[in-house]
Structures are given as structure tokens and as C-alpha cells.
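A quick note: this is a predicted structure, and the numbers were derived from the prediction, not measured.
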There are 2 protein chains.
Amino acid sequence: MEEQKIRNMEEFSAVSGISRPTISKYFNDPSSVRRSTRERIEEAIARYGYRPNLFAINQNRKFTKNIGIIVPHIVDPFYAEIVRQIETRCVEAGYWAIVLGSHGDAERELSAIEMLYSLRIAGAIIAPLGDTSVSDRIRQLAADIPAVIFDNHMNGDEIFVGTDNFQSVGLMVDYLCRSGEPPCFLDMPAVNTNARERREAYVRAMEEQGFEPHVIPAESAGWDFEELGYNAGLRLLPTHQLPTNTVLCANDRMAIGLIAAAFEKGLRVGRGAATALRVAGHDDHPMARFTAPALTTVAQDYVSIAENSVSTLFGMIEDGVRPSSPLRRLEGRLILRASA
Amino acid sequence: MEEQKIRNMEEFSAVSGISRPTISKYFNDPSSVRRSTRERIEEAIARYGYRPNLFAINQNRKFTKNIGIIVPHIVDPFYAEIVRQIETRCVEAGYWAIVLGSHGDAERELSAIEMLYSLRIAGAIIAPLGDTSVSDRIRQLAADIPAVIFDNHMNGDEIFVGTDNFQSVGLMVDYLCRSGEPPCFLDMPAVNTNARERREAYVRAMEEQGFEPHVIPAESAGWDFEELGYNAGLRLLPTHQLPTNTVLCANDRMAIGLIAAAFEKGLRVGRGAATALRVAGHDDHPMARFTAPALTTVAQDYVSIAENSVSTLFGMIEDGVRPSSPLRRLEGRLILRASA
DNA sequence: CTAAAAAATTTTCGCGCGTAAAAATATTGA
DNA sequence: TCAATATTTTTACGCGCGAAAATTTTTTAG
């Protein structure tokens, strides 16, 4: 890289000997200029290290190349992993992914949405919190801008990609009933639609199998699922309040907490003969392989969720086509490990 | 909110009856306008829902209100948590935090740095990967723009906030030696300075205690620490290759993997009488409370790291003062749980 | 009540780039 | 070779706001 600092496209145009509009065209779409020109520009970029100012680029463009992403919790590896997948795909397609977290707080989710507006995004991919008042705002956004909702359905006509809880939970209930005592269900706080759907799916699946469902309600609100599962374990396990020796948890993070509590109380978890408790989860959380024992769960297809969200969104942005079926429910995959 | 859509500050000025420059001043610093004016503006904001265009704001500002943040892995809850802390503090101070992940890849880290340049950030907070070639670029950035490095020291004169590995590891070694067999050390891949420092700290601490150090080298590279710890466990535990019954892991994520392997191999982990193995970690990873048994570790002070990084950076940005001592080494805190 | 100080307004300019239209040049095919 | 086409250059404007200077209005102090 030469020592000369290029301050703007004008100067870059001067040193590279190519007119500014052509350079502008190149940065918008390298394939839109002749090959020989492209090579000259790229050579100059390598020499002078110029990159256009992002703010100026988006200032005057009719449609920006920004994709807004909102998730409830970036700290949750489940969302972190999906965001990573989405991000990579956006960058590959020449877009810039702007990730905003609502941190479990409806107000911050609202302000994240306002932020997306002022960023003039081309499209949005959102995993909503459960708050109904914000849902209206998200629906408004989806009416104004191409938007895909994932993970948590808002029960409207939004374009949605997520796991089919009835299929995935059904699969697990079926397996657990066939391989041992029918499970009870450790519910998660009603933070979103998934919570309700999974509970309903559990009840329905149990009834279909001819067993009576037992739902253990969540004792407190919030997103600290490991903590909740752990506390539930400390509360229920010593006093043998569980209706069966098999617990299906509403998600893996609760299962992780429950397993920790069981260990602490000296109860062996697993599907062997000498075990006191079987525990199953849902999601195939990145940590599920490393619990003791490793967690039997239903895998949400991270890659497909990301892929579907992104490709659907790009279809809407670039070709203006709404997907024929707005609802895309992906199948969960049973992951058998040692815990159940 | 009224139905009328405000398209820019000019229109907002018209409907609110306040001149555009005053409104501009307000958005830059609400306290810079008279109280009565402020109230009128805020009333109008509530009525019309106007927010200035972010790209236009930053387009022409001498110093933007953007803070760039780069971390090796957003998926790692350790970084995720620190980022969340930093983010919150930036927003509170009226800045916008732009988080970029290098995903363990030096090239992506480089392009993240280029991105920060084109975002015209006011300052940067960076947890570098270990790659030396990129370090030069980061040093260049730090010369151009106020920047704070955290977590992983680059061995230059950069402004740094991080845990004092010699203190924290020393603390743990001391505890382990006093409470049972002296530990061996399960090393992590040499992805950064922390890896080297912690190993050296272990060796030094053992020698000071008069014991012979035993370092188990990392068998492969990469950031999949749980996997590495797990594989090391599967390899070493059944054949009793460990020099002692106590393992100090270079970080919690490796310890989590090791504990999972021990469980799978039927070895009881813990500090009780009937246990075969003691395992300790480093970092107090969010998941460390929920391993089975819960993990004894040294807590890195997430809050202080975030706080120190942010306040140091703001000092440099707003008052132009370099901190008197560029190196800030925070103390680790011993967290005794059941695993050792 | 008046002068001084503080705050708000008016005016004007420019940031770095996208974009459109017209003119000039280069490439392609027959 | 020349016309037809593709590409680049020239020229010109505007996006939405920050910022500075000069002016007017409001507030505060004496």
C-alpha cells in the first residue's frame, strides 16, 4: 500500500485514472463494468487501500444494502449461532448485516426497530420477543419493508421460518413413551409463542399416545433458563414430586439446569438400568453435547433456518416476490444421547 | 403518533416550530438546548415519531458517535457477555456500538478493521485474535484512532484491560496445592497471549510452591474448546496418563469438555473422598455453574473489564487523555464450587 | 428597568457519494 | 471497413444533515 491517503472517491478516481461514476458503479456491482476496467480498479484498490465511506454510500441510495437483524438475546448461543449463519450469508451476497439485540426487554426491542428504520434497511430478519404490543410494530415494519420473522411466530400472516414444534415435540414424546415411562413436561416461562406451542404439542402428543399429560409450570419469568431448570430441580427432585421418572424440558437450557440439580442431589440421570431420572431437551443447544450425561434432544436445523430466512428475504428484496406460502415450518431431528 | 410521516429534519422543524439547527443541536446533546425548547422538541418527537437519519448524521460529523467493537467469537458466551456490557454502556453515553466478529479467522478480523475505518468510528474496543500480522494493523488503528485492547494482550505498548493471568492462575494453583494433589495443566491451543501466559503462570506458580509442573499440550488448534477438552479426556482418562488426580484447565470451556468425558468414562469428579478426579477452570464462564459437578474456577471480572475499557476509551475520545498506565491488569477471584 | 449573558434562529456552505442524461470513446460483428 | 452496440466520461444535481458565523430573541443579573 502506498503512503498516500485517499480521502474520497474523487481522489481515488484521480490516482486510478478512472472516472468517479464508473468507480461508483464498480462498488455497487463489480460485474457491471468491463473486465479490463475492473482489473484496473482492483489494482488501484490494492495499491491505495481505498474503501468508500459507508455512510455516504447509504445516504443517497434509494435502497440500501443493509439487512437488519434483531434477536432477543445475543448471549444465548442458539441465537448467536443463527445470527452468525445469517451474517455470513448476507456478507456473501454483498449486504451488510446489522445485528441488534433486544436483551429480553420489550422497550429495547422497540428502539431496535426504530433504529432499523433510521438505518434505511433493505430488509429485516427478526426473532421477536413475545410482547404483543411490539408485535404490532413489527407487523408495521413488515408492511413497510421486506421482513422475515424467525424462531417465534407472531400468529399473524407474517412470513415465518421456524421449527414445527408439533412435529419436533411429537417426535420426542413418541420416543420417550416407547423407551420408558411417559414424560412429564417442564414448562418454560411464557416468553413467546414457542413456549405455548411446545406445551400444547406435548399435551396433544401425550393424548394421542393415550397417556395423561403432566405439565410442571414455570415458577418465574425471564430468560435465565438454566437457572430456572436448576431451581425447579432443587425444588422437585428431593421431595419426589415428579409424576414420572422422565422429564421433557421445554428447551435445552432448562434441561442443562435440571441435570445440574439432579447431579447435586445425587440422582443419576440417563437411560440405563441404575438411573433415577431421564431428561430430554429441545433445540440441540451447542452445549447439549457436553452435559453429564450428554443431552438427548430434538435438533432445530440452524443452517436451514438461516438459509431459508436469508433466501426468502433476498427473493423479496431483489425480485419483489412474496413466498407462495408465508409459513415455513422445518422439521426437528431426534438426537439420541445418554440422558434419555 | 400522527399519521403524517416526517421525512427529514427540515419537515420536523416545520411541524415542531423550532429551527432545524436547534433540533440538530438537540439530537447531538439534549442538554445543550434550553429546557423549554427541549420539552417542545420531545413533545413533537412523541407526536410525530421522528428520528434523524443515521447515515446523514455520521456523514458530515467531524467525530462520529460510533464505537467499533471486535471480538474473536460472538458465539462464545464469554465475549457475548462482555460485549453486552460494553454495548449497554455505550448506548447510555449516547454512542452507537457496532459489533463485528472475526469468527476466529484472521482475514475476517482484518476486514472488520477496514470496516471500522470506513465507519469513521470515534473509538474502538478490540479483543484481538492472536495473529501477529493482524496485530500490526491493530496497532496502526490504535495510532489513528482512540482504541482499547481487551482480553488478549498484543505485547506492545497498547492500552490494555484484562485479567492478570499470573495472579489468577497463581491463586488457583495455590488453592489446589493446599487442598489436595498439585494440579497438572491442560493447555489450550496457542490462539493468543492468554494461552501462553496462563501456561507460564502455572509453571511459575508450581515452581514457587516447590512442585514439579506438568503441562498437557493441546492436541489440535482452533476455538472448539469444549471439544478439545472432551477429546483430551477420552484420550487420557481411561489409560491413567494423568500425572496427578487434579487438572487445572486453561479455560472453563475445556474444563466443561473434560468433565463431560470423565462422566462418560465413569470417573467421579469432585473434591470429596470417593472421587477420582478434581477439575478446575478459568474465567467463570456463564455455564460453569451448571456443569456436573459445578466448576471451581477463577472469575474474570466481566463488569470491570467492560467498565474499564469503556471509561478509558471515553476519556481518550472526549478529553483526549491517554491513561497514565496503559496496562490495566484486573485480579481474578477464586470461585469454589464442587469440582475441585 | 436596563445591560450583559445565554440561547435560539437565520443563513450559508459542504460532506462523499448515488444517479441521471448527454456526449465521447471503445468494442464487436459482419 | 463501418455501423451497431457496449462502455466510459462529462456534467450536474441532490440526499439529510453538521457546522460555523452573524443576527435576533430570551433570560438573568444588577
Side-chain angles (χ1 to χ4, degrees), chain A residues 5-42 44-45 48-66 94-96 114-115 117-122, chain B residues 5-45 48-66 94-96 115 117-122:
Chain A
K5 293 163 213 147
I6 306 296
R7 330 213 66 185
N8 54 39
M9 204 177 268
E10 197 81 47
E11 287 186 23
F12 183 71
S13 164
V15 297
S16 65
I18 290 169
S19 74
R20 194 179 64 73
T22 302
I23 291 169
S24 174
K25 268 192 79 178
Y26 167 84
F27 277 108
N28 277 308
D29 179 8
S31 70
S32 69
V33 303
R34 200 189 301 146
R35 169 199 269 267
S36 59
T37 312
R38 185 163 63 239
E39 281 165 357
R40 285 171 60 201
I41 293 177
E42 278 162 0
I45 291 176
Y48 297 100
Y50 168 74
R51 289 185 56 166
N53 178 313
L54 260 177
F55 296 106
I57 287 178
N58 291 298
Q59 160 77 33
N60 199 23
R61 194 161 15 202
K62 200 84 197 95
F63 298 101
T64 67
K65 286 278 206 173
N66 305 323
Y95 286 80
W96 184 33
E114 302 307 328
M115 177 74 86
Y117 271 102
S118 80
L119 282 170
R120 297 236 178 137
I121 52 167
Chain B
K5 292 164 214 147
I6 307 295
R7 332 212 69 190
N8 54 39
M9 205 177 268
E10 197 81 48
E11 287 186 22
F12 183 71
S13 162
V15 297
S16 65
I18 290 169
S19 73
R20 193 180 67 72
T22 302
I23 291 169
S24 173
K25 268 191 76 178
Y26 166 83
F27 278 108
N28 277 308
D29 179 7
S31 71
S32 69
V33 303
R34 200 189 303 147
R35 169 199 270 266
S36 59
T37 313
R38 184 163 64 240
E39 280 164 358
R40 283 171 62 201
I41 293 177
E42 279 163 0
E43 196 179 320
I45 292 175
Y48 298 99
Y50 168 74
R51 289 185 56 166
N53 179 313
L54 260 176
F55 296 106
I57 286 177
N58 291 299
Q59 158 77 32
N60 197 25
R61 196 162 11 203
K62 199 85 196 91
F63 299 102
T64 67
K65 286 278 205 173
N66 305 323
Y95 286 80
W96 183 33
M115 177 73 86
Y117 272 102
S118 80
L119 282 170
R120 298 237 176 136
I121 52 166

* **Intermediate values then yes/no, side-chain contact (heavy atoms from CB on, under 4.5 Å), B/M115 and A/L54** => CA-CA 9 Å; B/M115 177 73 86; A/L54 260 177; 3.4 Å; yes
* To do: Using the side-chain contact (heavy atoms from CB on, under 4.5 Å) rule, take B/W96 and B/I57 through it: C-alpha gap first, then chi angles, then the decisive distance, then the call.
  => CA-CA 12 Å; B/W96 183 33; B/I57 286 177; over 6 Å; no
* Take B/F27 and B/I45 through the side-chain contact (heavy atoms from CB on, under 4.5 Å) test and state the conclusion after the steps. => CA-CA 11 Å; B/F27 278 108; B/I45 292 175; 3.8 Å; yes
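When the nucleotides D/dG18, D/dT8, D/dG16 are ranked by their closest atom to the side chain of A/T22, D/dT8 comes out on top. Distance from the side chain of B/Q59 is smallest for D/dG16 among the nucleotides D/dG18, C/dC17, D/dG16.
In this entry the distance linking CD of B/E10 with P of C/dT12 reads 14 Å, nearest Å. In this entry the distance linking CZ of B/R7 with P of D/dG14 reads 17 Å, nearest Å. Summarising the geometry, the separation between CD1 on A/I57 and P on C/dC15 is reported as 17 Å, rounded to the nearest angstrom. Taking atom CG of A/L54 as the reference point, atom C1' of C/dG18 lies 14 Å away to the nearest angstrom. Atom CG in B/D29 sits about 13 Å away from atom P in D/dG18, given to the nearest Å. Between the CD1 atom of B/I18 and the P atom of C/dT10 there is a distance of 11 Å, rounded to whole Å. Between B/K65 atom NZ and D/dG18 atom C1' there is a gap of 13 Å when expressed in whole angstrom units. Rounded to whole angstrom, the span from the CZ atom of A/R40 across to the C1' atom of D/dT8 amounts to 10 Å.
Contact annotation: A/T37 reaches the phosphate of D/dT8 (side-chain N/O to OP1 or OP2, under 4.0 Å). Side-chain nitrogen and oxygen atoms of B/N53 include none within less than 4.0 Å of the OP1 or OP2 phosphate oxygen of D/dC15. Distances shown here put a side-chain N or O of A/S24 below 4.0 Å from the OP1 or OP2 atom of C/dG18. Side-chain N/O atoms of A/Y50 include one lying less than 4.0 angstrom from OP1 or OP2 on C/dC17. Between C/dG16 and A/N8, a contact under 4.0 Å exists linking OP1 or OP2 to a side-chain N or O.
Where B/S32 and B/A56 each meet DNA chain C at their nearest nucleotide, the meeting point lying more 5' is that of B/S32.
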Pairs: protein N or O with nucleotides 21-28 of chain D N or O, under 3.5 Å:
none

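Here the straight-line distance linking atom CD of A/E42 with atom OG of A/S16 works out to 12.0 Å at 0.5 Å rounding.
Judged by atom type and distance alone, A/R20 does not reach the base of C/dG16 through any side-chain donor-acceptor pair under 3.5 Å.
Relative ring orientation between B/F12 and B/Y50 is described as parallel, the plane-to-plane angle staying below 30° on a 0-90° scale split at 30° and 60°.
Take B/Y117 and apply the ring-ring contact (aromatic ring centres under 6.0 Å, His included) test, not counting sequence neighbours, and it matches no residue.
Checking side-chain atoms of B/R20 against main-chain N and O of B/E10 turns up no donor-acceptor pair under 3.5 Å.
Counting non-hydrogen atoms of neighbouring residues, nucleotides and ligands closer than 6.0 angstrom, the CD atom of B/E39 exceeds 12 such neighbours.
At the heavy-atom level, B/N58 lies nowhere under 4.0 Å from the strands shown.
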